[in-house]
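Start at 1 and go down the list; that is how both ligands and their atoms are numbered.
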Amino acid sequence: MKKFIGGNWKMNLLESQAGEFAKALDKAYEDGVEVVLFPPGLMLKTVKDSVNRLGVGAQNLYFEEKGAYTGEISIGMLEDMGISHSLIGHSERRTVFLEDDVLINSKLKAVMKSRVTPVLCLGEHLGQRKDGLAEATVKGQLVTALDGVESIEGLIIAYEPVWAIGTGMSATPEDAESMAKFIRGEVERLYPGFGKKTRIIYGGSVNGKNIGDISKLENVDGVLVGGASLKLDEFTEIMRYGRD
Ligand code: PEP
C-alpha cells in the first residue's frame, strides 16, 4: 500500500498561479508515494492539465446527481473531468458550513459507488480531547459516516484533530499513532478484513520539520497537509515521506 500525501489548498491561490505551482510540484515529486492535490473547484481543470504524476482531488462534492443545488459540484462532474479523489467532511466544512454527520454519510454513500475515492476526515475538538472524549467523538463520526455503506474498498480516512488544523500545534506522534490505531481497530470491527488494507492518514499542522517523525508511525499511512502544501520547499520535503 503506497503512502498517501494530500495537499489541501483550501481557498488559496489564483487560477493564474495554480498551473505553474502544480507543475513545479509535479516536477519535484519523486516516485514511491501517492500524492494528490486538492485545489479549489474552479482550478481543478487547470491543475489536472498541469500534472502528469500527481493526482487531483476536489475539496468537496454534493451527493445528488444533478438539479437545483446552487453552488454545488456533483460526483458525475468530477468523474467527467478525471478527478480521482475528494475530501469528505473536512473540519472546515463541518464547522464553517455546518455539515453534519448525516450529510457526510449521504456524500460517502454516493461517492463509494463512483470512481472518485473519498478521503473521509474525522477529528475531535480540543474540549472533547480535554474531556477524554477524543476516541468516542471520532468513533461516533466514523460509525455515522459509514452507516449503510456496503463496501469501503479504497476509502482513505484522515484523522485530523480540529485543534491541530492551521494552528501550528500538531498532535504528538504518540497521539497520532494511538488514534490511527484506534480507528484501524474500529474499521476492522465494522468491516472485517479492511483494518489492514484501509489507509489511515494524519492531518494537522504537518510541515517539513515534523514529517520525519510522523512518517515513522506504524499505523499512519500518510498525511493531509493544508498550509505547508502551499509552499514548494515544504511540500517537496513532505513528498519525500519515509526517505532519510
Ligand atoms: C487541512 O486542511 O486538512 C490541514 C491539516 O491543514 P494544516 O496542515 O494547515 O493544519
Side-chain angles (χ1 to χ4, degrees), residues 3-13 18 21-22 25 33-41 43-44 47 54-61 83-99 104 107-108 111 117-126 128-129 134 137-138 141-142 145 155-173 175-177 179-180 183 199-215 217 219-241:
K3 302 295 184 189
F4 183 91
I5 315 288
N8 176 14
W9 294 2
K10 312 193 186 200
M11 197 174 74
N12 291 296
L13 298 184
F21 185 54
L25 292 172
V33 292
E34 181 179 6
V35 178
V36 176
L37 306 178
F38 294 87
M43 302 169 203
L44 283 169
V47 173
L54 307 187
V56 184
Q59 295 175 12
N60 186 28
L61 52 75
I83 300 302
S84 55
H85 292 73
S86 179
L87 303 182
I88 305 274
H90 189 278
S91 79
E92 286 147 22
R93 298 294 320 168
R94 294 177 190 255
T95 310
V96 184
F97 301 101
L98 308 182
E99 287 196 11
I104 290 160
K107 292 183 178 193
L108 203 60
V111 81
T117 299
V119 179
L120 171 66
C121 304
L122 312 170
E124 81 285 357
H125 284 268
L126 189 55
Q128 291 165 323
R129 174 157 285 267
T137 303
V138 168
Q141 291 172 341
L142 180 72
L155 172 71
I156 297 166
I157 298 174
Y159 167 54
E160 297 209 296
V162 180
W163 47 271
I165 299 180
T167 58
M169 196 169 77
S170 177
T172 62
D175 285 343
E177 167 63 17
M179 187 62 90
I183 295 170
R199 282 183 290 184
I200 299 171
I201 64 174
Y202 167 77
S205 296
V206 173
N207 57 41
K209 288 202 180 73
N210 59 24
I211 190 66
D213 287 341
I214 295 168
S215 68
L217 301 175
N219 280 285
V220 174
D221 301 313
V223 284
L224 183 55
V225 186
S229 74
L230 296 164
K231 297 176 189 153
L232 180 60
D233 290 355
E234 293 255 346
F235 201 63
T236 299
E237 186 60 33
I238 292 167
M239 286 195 292
R240 300 189 75 250
Y241 194 98

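Backbone and side-chain nitrogen or oxygen atoms of Gly227 are examined, and one is located within less than 3.5 angstrom of a nitrogen or oxygen of ligand 1. At least one N/O-N/O distance between His90 and ligand 1 falls below 3.5 Å. Remark: ligand 1 and Gly226 share an N or O pair separated by less than 3.5 Å (distance only, no angle test). Of the polar atoms of Ser205, at least one N or O is found under 3.5 Å from an N or O of ligand 1, judged by distance alone.
The backbone and the side chain of Ile165 each have at least one atom closer than 4.0 Å to an atom of ligand 1 (non-hydrogen atoms only). When heavy-atom distances to ligand 1 are checked against a 4.0 Å cut-off, Ala158 has no atom that comes that close, whether in backbone or side chain.
Counting atoms of ligand 1 from 1 in the listed order, those under 4.0 Å from a heavy atom of Gly204 are 5 (C), 10 (O). Numbered from 1 in the order shown, with element, the atoms of ligand 1 that lie under 4.0 Å from a heavy atom of Ala164 read 10 (O). Ligand-side atoms of ligand 1 in range of Leu224: 3 (O), 5 (C), range being under 4.0 angstrom from any heavy atom.
Inter-residue side-chain proximity for Leu87 and Leu120 is flagged as unmet; no heavy-atom pair is nearer than 4.5 Å.
In this structure, atom 3 (O) of ligand 1 lies nearest to the protein heavy atom Glu160 OE2, 2.7 Å.
Taking both residues in full, the closest heavy atoms of Ala134 and Arg129 are given as CB-NH2, 3.8 Å, listed atom of the first, atom of the second, then distance. For Trp9 against Pro39, the heavy-atom pair with the smallest separation is CE3-CB, 3.5 Å.
Looking at Asn207, its side chain never comes within 3.5 Å of a backbone N or O of Ile238 through a donor-acceptor pair. Here the side chain of Gln59 pairs a donor or acceptor atom with the backbone of Lys10 at under 3.5 angstrom. Between the side chain of Glu177 and the backbone N or O of Asn219 there is at least one donor-acceptor pair closer than 3.5 Å. For Ser215 (side chain) and Gly212 (main-chain N/O), a donor-acceptor pair under 3.5 Å exists by modelled atom type.
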| message | Is there a side chain to side chain donor-acceptor pair (under 3.5 Å) between Trp163 and Glu124? Walk through the geometry before answering. | response | CA-CA 8 Å; Trp163 47 271; Glu124 81 285 357; 3.0 Å; yes
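Across Gly123, Cys121, Ser229, Gly166, heavy-atom proximity to atom 10 (O) of ligand 1 is greatest for Gly166.
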